[in-house]
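Atoms within each ligand, like the ligands themselves, are counted from 1 in listed order. No experiment lies behind these values; they were computed from the predicted model shown.
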Amino acid sequence: MRRALLAAALALGAGACISPPSTGELTGQVADWRDEIIYQVLTDRFANGDRSNDYRVDLDDPSAYHGGDWRGLAERFDYLESLGVTAVWISPVVKNVEEDAGFSSYHGYWAQDFTRCNPHFGDRVGLRELVDEAHARGFKVILDIVTNHVGQAFYYDINKNGRPDDFLIGQGGTIGPLGQEQTTSELVRITEWDPDFDARGVQSWTSLGPSGEAPVRFLREPAINRMPPVPDLFAHDYAYNRKGRVTVWTRPEVCGCGGWGCPWDDACRRQQEILGDFPGGLKDLATERPDVRDALFDAYAGWIDAGDFDGFRIDTLKHVEHEFWEDFCPRIRRHAAERGKHNFFMFGEAFDGDDQLLGAYTQGEGVDSVFYFSQYYTVFRGAMLGDGSRTCELERLHCRRHGCESDPCGEGQRFDALYSGSGKVNGQVGEDGLALSPRQLPVGFLSNHDVGRFLYFMPEAWSQSEKRALLHLALGYLLSSDGIPCLYYGVEQEFAGGNDPANRETLWDKRYYKTPVWKDGRIQMAQKTYDSDGDGADDALWEPYDTGNPTFQYIAKLNALRREHEALRRGTLQVRWSTRTGGGEDHGIYAFERRSADETILVVLNLGAESTSRTASAGQSMCVGFEPRTELTDLLDPDARYTVTDSGCSPEPGQGCVEIEVAPRGIRILAAG
Ligand SMILES: [Ca+2]
Ligand SMILES: [Ca+2]
Ligand SMILES: [Ca+2]
Ligand SMILES: [Ca+2]
């Protein structure tokens, strides 16, 4: 009944696309975001539930739409429930430019109309049905939003001939403050779709020489929806920065930097990143303008009202000036709070491994949290794929977030906490009503749609079981650490695709469940199989949406542990053991405790690949926050039990000592009992 009322309200409101439905009751409040386990889907690649919206679909082309939609996602809630995730992050929902340079907008990041739905995914009523069904099942839904740019909507008419030229030879781009510009090249190839950054704005020229700022020309190609962007403000040149594409990443010399690139805080690099067009011809909005800020706020506040979302994942955070986030985020929080939606969660993507840069976005009234790229690079791409000798690097990561009195690696000074310690107005609170700090809420991940899958980075020579062991270690760390874990769809099916688009596999297509095998004297693609009864021999075929395979089952088990144990979700984290060098009996060991009011959980990892290691070194064992004589049981392996003693370390009152053995690339999650 409520859905029928809603549908009627939405239909009435269809003319003024972003006005809220008058009877649109908003729901889905979150008790405490630390309880959530996020699952990221690419809507186009997750599940196809409606063939009627399958236009321009080509399953054989990795850069085309494949047909996934909101109906398909809603039909797979059983699958997500079995996996044990609690929040779903969906692709951007707004209408896109269909195609550019032979690629399609199946990912949703090429906005054309910020007020309408992408018809490949469904309509406005279908979107609300998805969220309503999710909420009815206890799932939260996170909307992916972009404020930095629109899709390929215009070209710069550099030669002023009134048409887009793909290829010009002419004067090079320049960069630098007015009067001190450096020419980047004498003769360069220029495309009017995506010319190089020029701090003055993209310049035009004729046969007689420079001719002032290049005019911007919007296109009208309805067949591929390359139309002037909506709202109307975005159909004017002044709504854009018009400086051309960021070039400093591949050519740091344009900012006077050496071969390793410019440091993240280099002023010239930051100017390019904030004002430049995103590579691929994505046109940079003039987000410093109040009218552009208002338009973006109106659009996305409208989507909260229309879709009843529980949070935003925010794209290209570092390409928009800090002042924008200080304006946008508090307005969104207030808007959500006025509709009774407290704990509306906003986390941003700043694609960088530097905690100082990441932490900066959490200060003041900016985003609630960021993607934990520093963890991604330090732990998953660094330590876990490395030799495991220096687990103090993992402890350093923790120090950069929370602060430490001394350097765990013994090489430097104390660490200042780089993430904000104070909560935001109308921001995140725990179930107890106390404000949560961004320090408590980093969103951790093993992979996402912009990086290769974790399995992809493992050496070809490893066996499937070796690869699986490291994948499981990484998942174990992610799901037992503090913060909010985020799983990228397909990890539970052991997808192993490389960089975009190989990492955007189609979950229902059996071809993605094949693996190369050596057979009849040559490499052939064969159906993936796995050992379902644990006798060491593969006997089960891997089918789309398989819920029986060992990695699906392992993730489901970890998710269940996280849901059952408050300490794993909301507990503090204290490091108990890390190493500065390798080779000892504690080679590869990293141990930490998660502690809530009622429970303590001890997590011990061995990042080393060769030997079983223990939490002991030079006759000293590990000090833990359990009383002597406490029995500890590994929640992942109930046969593994340890007794806490009063000797071997220097325990304080309430503490004890323990030696935990962990297999190579193994993990133990231990609780009393
Ligand atoms: Ca479809
Ligand atoms: Ca031209
Ligand atoms: Ca920008
Ligand atoms: Ca078997």
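Sulfur atoms SG of Cys268 and Cys262 are positioned 2.5 Å or more apart.
Between Asp196 and Arg245 a salt bridge is recorded (basic side-chain N to carboxylate O distance below 4.0 Å). Using a 4.0 Å cut-off between charged side-chain N and carboxylate O, Arg163 and Glu192 make no salt bridge. No salt bridge links Lys243 with Glu273; every basic N to acidic carboxylate O contact stays at or beyond 4.0 Å. A salt bridge between Asp315 and Arg313 is present, with a side-chain N of the basic residue lying under 4.0 Å from a carboxylate O of the acidic one. Between Arg468 and Glu494 there is a salt bridge, since a side-chain N of the basic residue sits under 4.0 Å from a carboxylate O of the acidic one.
Distances from the Ca ion (ligand 4) show that Asp539 has an N/O/S atom below 3.0 Å. Here Arg163 reaches the Ca ion (ligand 2): one of its N/O/S atoms is less than 3.0 Å from the metal. For residue Ile274, an N/O/S atom approaches the Ca ion (ligand 3) to within less than 3.0 Å. Here Tyr155 does not reach the Ca ion (ligand 2): none of its N/O/S atoms is less than 3.0 Å from the metal. Residue contacts to the Ca ion (ligand 4): Gly536 brings no N, O or S atom closer than 3.0 Å. Taking backbone and side chain together, Glu273 holds no N, O or S atom under 3.0 Å from the Ca ion (ligand 3).
Taking the Ca ion (ligand 2) as the apex, the angle formed with OD1 of Asn161 and OE2 of Glu192 is 150°, to the nearest 10 degrees. With the Ca ion (ligand 3) as the vertex, atom O of His319 and atom OD1 of Asn148 span an angle of 70° (nearest 10 degrees). Centred on the Ca ion (ligand 4), the O atom of Ala537 and the OD1 atom of Asp533 lie at an angle of 170°, reported to 10°. Between the OD1 atom of Asp157 and the OD2 atom of Asp165, the angle centred on the Ca ion (ligand 2) amounts to 160° when rounded to 10°.
No more than 12 heavy atoms of other residues, nucleotides or ligands shown are found within 6.0 angstrom of CZ on Phe103.
For the pair Val491/Phe495, no side-chain contact is recorded, criterion being any heavy-atom separation below 4.5 Å from C-beta on.
The nearest N/O/S atom of Asp284 to the Ca ion (ligand 3) is OD1. Residue-level check: among N/O/S atoms of Asp535, OD1 sits closest to the Ca ion (ligand 4). Looking at Asp531 and the Ca ion (ligand 4) together, the shortest N, O or S contact belongs to OD1.
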Kindly determine whether Asn96 and Gln112 satisfy side-chain hydrogen bond (donor to acceptor under 3.5 Å, both in side chains), including the steps that lead there. CA-CA 5 Å; Asn96 273 217; Gln112 180 271 330; over 6 Å; no
